[in-house]
Amino acid sequence: MTTTEARKAWTPDERRNVAAAAARASIALRERDGLDVPQWIRDAAAGRPTTPPAEQP
């Protein structure tokens with residue numbers, strides 16, 4: 001079994017936990033670098049539903 005196959009079996013709750021952990025890491029890196037943290041990343045870290053930002057041309 002590959003790593004990808006194992007991830008396909010994750011439950012929605014497990015996916016949310018991984019997404020929240022990744023968002024927390026992103027926030028920590030952005031704050032350390034002195035960059036702004038978009039609200040949607042903070043929402044993902046808190047486990048709230050998010051809407052991705054609209055793409056800018």
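Below, each value reflects all heavy atoms present in this structure, side chains not excepted, and no hydrogens, waters or symmetry copies.
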Shortest non-hydrogen contact from Asp36 to Arg30?
O-NH1, 3.6 Å
Taking all atoms of both residues into account, what is the closest heavy-atom pair of Ser26 and Ile41, and its distance?
OG-CD1, 4.0 Å
Is there a donor-acceptor pair under 3.5 Å between the side chain of Glu14 and the backbone N or O of Thr11?
yes
Could you tell me whether Arg42 and Glu31 make a salt bridge, using a distance below 4.0 angstrom between a side-chain N and a carboxylate O?
yes
